[in-house]
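Notes for the one structure printed next.
Values reported hereafter were calculated over all heavy atoms of this structure, with side chains retained and with hydrogens, waters and symmetry mates removed. The first residue in the sequence is number 1, and the count goes up from there.
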Amino acid sequence: MRAAVLTGFGVPLAVRDVPEPRAGGGEVVVEVLATCVAPYAGEVFGGTRNYPLVPPVVPGLGGVGRIIHVGPDATRLRVGDLVWCDPTVRSRDDALTPDITLQGWSSRGEGGARLAEYLHDGSYAERMRVPTENVFPLPPAAGDDPARWAALSVHAISYGGLLAGGLAAGETLLVSGATGNLGSSAVAVAFAMGAGRVVAPGRNKAVLGLLADRFGPRLRPVPLTGDEAVDRAAMSAAAGGAIDMVIDLLPPSAPASVARAAAMTVREFGRVVLMGGVGMLGGDDLALPYPWIMRNSITVRGQWMYPRAANAGIIRLLASGILDLAPERVRSFGLDAVNTAIAYAAEHSGPFDRTALTPPAS
């Protein structure tokens, strides 16, 4: 089969023939119909983000596919089923603290690296091997536009963060990093979950206007100035009341002061969920004040990716139409154009911009 292979960091991906994936126990093989190309993919493959990929490797972060082989342990999946393949793979021998790898993308710790060695290759290929528990049935409508549904790789992350913070219907949420690709997803998912208001801070006034046009008066845009005290006051004022929860989805390039200003707008007994990349490339620590956290009974939680059940939840939101994929701008590329797709994704990283790779069926 054909696949895009990372042969080394800092060089273009090579599209070439590779061995067919073969499923072991507890695994399925899918024909990849579409996979989302992350806006920061070029940074990963260039080595800037220092992800623990081991070349040669077929990268790719999950995708929409059709099952072509089912293992003996599957009781409901069938050959021909249209499915979402979740890249978040967990070890099966520790229920409390399982090791995690993002198949074809990244891993955590020594155990995660061992998982990545076994489930080495991702979705930039015509076919891929996936653990049975990482495959989720999709509605037939997804087959009409799999490139659009490949945005599940973005929406599942923001949905997982909102679940981690316990977002409830009617609450006011602040999305730190709302003007970015992932942050704008959190805005849309929050409204789909019933948020009463969403405060959206950002520097890009044009993007803030786009969000306001799409979501109406319940979206409260806040242009940031860079002054931490001024910005905190502006975000609090824009909410028109207490901010129940803050989710931070800022990229690694963002300074910690921006994340801190947003986090400290949350009300007494409020929740702060950290899912972004602040500090990953160095720089100051977040440095939330101990007395503020303690005296206001603030819950601060980190969340990497999402629990397995979140896949079913986000698929239900999409299938119902409550979370609408129609306004998203999707550009698809064939497998041979993978390097063009990576460059395009980097240049089109704004809200609801999606770049998809659509390997040809053989």
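Considering only heavy atoms from C-beta on, Val30 stays 4.5 Å or farther from Ile68 through its side chain. Within the 4.5 Å cutoff, no side-chain heavy atoms of Leu173 are placed close to those of Ile243. Side chains of Pro137 and Leu77 form a contact here, defined as non-hydrogen atoms less than 4.5 Å apart. Looking only at side-chain heavy atoms (C-beta outward), Val29 and Val130 stay at 4.5 Å or farther from each other. With a 4.5 Å cut-off on side-chain heavy atoms, Met193 and Leu162 count as touching. Residues Met264 and Pro289 are in side-chain contact: their nearest non-hydrogen atoms beyond the backbone lie under 4.5 Å apart. Side-chain contact between Tyr290 and Met294 is present, with heavy atoms from C-beta onward closer than 4.5 Å. Inter-residue side-chain proximity for Val83 and Phe136 is flagged as unmet; no heavy-atom pair is nearer than 4.5 Å.
Counting only distance, with no hydrogens or angles, the side chain of Asn181 and the backbone of Phe352 share no donor-acceptor pair below 3.5 Å. Between the side chain of Thr35 and the main chain of Gly62, a donor-acceptor pair closer than 3.5 Å is present. Between the side chain of Asn296 and the main chain of Phe269, no donor-acceptor pair closer than 3.5 Å is present. Formation of a donor-acceptor pair under 3.5 Å by the Arg354 side chain with backbone atoms of Ala38 is not found in this model. Side chain of Thr132 to main chain of Gly26: a donor-acceptor pair is present (N/O by atom type, distance under 3.5 Å, no hydrogens or angles). Asp248 places no side-chain N or O within 3.5 Å of a backbone atom of Ala259 that could act as its donor or acceptor partner. Remark: side-chain polar atoms of Arg220 are paired, donor with acceptor, to backbone N or O of Pro217 under 3.5 angstrom. With hydrogens and angles disregarded, a donor-acceptor distance shorter than 3.5 Å links the side chain of Arg329 to the backbone of Pro351. No donor-acceptor pair under 3.5 Å is formed between the side chain of Ser106 and the backbone N or O of Leu102. Checked by atom type and distance alone, the side chain of Arg197 never pairs as donor or acceptor with a backbone atom of Leu219 at under 3.5 Å.
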Inset, instruction - Starting from the C-alpha separation in whole Å, work towards a yes-or-no answer on side chain to side chain contact (heavy atoms under 4.5 Å, CB included) for Leu115 and Arg90. - result: CA-CA 8 Å; Leu115 273 178; Arg90 295 170 175 84; 5.8 Å; no
Inset, instruction - Test Met128 against Asp121 for side chain to side chain contact (heavy atoms under 4.5 Å, CB included), laying out the working first. - result: CA-CA 7 Å; Met128 130 172 123; Asp121 295 330; over 6 Å; no
Inset, instruction - I would like to know whether Val199 and Val246 meet side chain to side chain contact (heavy atoms under 4.5 Å, CB included); could you show each step before the answer? - result: CA-CA 9 Å; Val199 180; Val246 172; over 6 Å; no
Inset, instruction - Run the numbers on Leu325 and His155 for side chain to side chain contact (heavy atoms under 4.5 Å, CB included), then give the verdict. - result: CA-CA 10 Å; Leu325 291 175; His155 294 312; 3.8 Å; yes
Legend entry - Stepwise side chain to side chain donor-acceptor pair (under 3.5 Å) check, Thr97 with Asp94: CA-CA 6 Å; Thr97 56; Asp94 189 331; 3.1 Å; yes
Legend entry - Thr225 vs Asp227, side chain to side chain donor-acceptor pair (under 3.5 Å): CA-CA, chis, key distance, verdict: CA-CA 5 Å; Thr225 67; Asp227 184 302; 5.4 Å; no
Inset, instruction - Test side chain to side chain donor-acceptor pair (under 3.5 Å) on Ser158 and Ser185 and set out the steps. - result: CA-CA 6 Å; Ser158 56; Ser185 164; 2.7 Å; yes
Inset, instruction - Check step by step if salt bridge (charged side-chain N to carboxylate O under 4.0 Å, His left out) holds for Arg2 and Glu126. - result: CA-CA 6 Å; Arg2 303 274 286 169; Glu126 291 178 327; 5.8 Å; no
Inset, instruction - Please assess Glu328 against Arg148 for the test salt bridge (charged side-chain N to carboxylate O under 4.0 Å, His left out), listing each intermediate value before the final yes or no. - result: CA-CA 8 Å; Glu328 304 198 350; Arg148 190 169 298 276; 5.6 Å; no
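For the residue pair Gly166 and Arg271, the shortest heavy atom distance occurs at O-NH2, 3.1 Å. What you find for His120 and Val57 is that their closest heavy atoms are O-CG2, 3.1 Å. The minimum heavy-atom distance linking Ser153 with Cys36 is given by the pair OG-CB, 3.2 Å. For Leu33 against Pro146, the heavy-atom pair with the smallest separation is CB-CB, 4.0 Å. Across every non-hydrogen atom of Gly112 and Asp99, the tightest pair is N-CB, 3.7 Å.
When ring centroids are compared, Tyr344 and Phe333 come within the 6.0 Å threshold.
At a threshold of 4.0 Å, the pair Arg92-Glu133 counts as salt-bridged, since one of the basic side-chain nitrogens sits closer than that to a carboxylate oxygen. Between Glu27 and Arg129 there is a salt bridge, since a side-chain N of the basic residue sits under 4.0 Å from a carboxylate O of the acidic one. Taking a cutoff of 4.0 Å between a charged side-chain nitrogen and a carboxylate oxygen, Asp81 and Arg76 do not qualify as a salt bridge. Looking at Glu43 and Arg49, a side-chain N of the basic residue comes within less than 4.0 Å of a carboxylate O on the acidic one, giving a salt bridge. Remark: Arg232 engages Glu228 in a salt bridge, criterion side-chain N to carboxylate O under 4.0 Å. Look at Arg331 and Glu347 and you find no salt bridge, because none of the NZ, NE, NH1 or NH2 atoms lies under 4.0 Å from a carboxylate O.
Remark: Phe45 pairs with Trp105 by the ring-ring contact (aromatic ring centres under 6.0 Å, His included) rule, at least two apart or across chains. Applying the salt bridge (Lys or Arg N to Asp or Glu O under 4.0 Å) criterion to Arg267, with sequence neighbours excluded, gives Asp244. Shown here are the salt bridge (Lys or Arg N to Asp or Glu O under 4.0 Å) partners of Arg301, two or more places apart in sequence or in another chain: there are none.
No more than 12 heavy atoms of other residues, nucleotides or ligands sit less than 6.0 Å from atom CD of Glu110.
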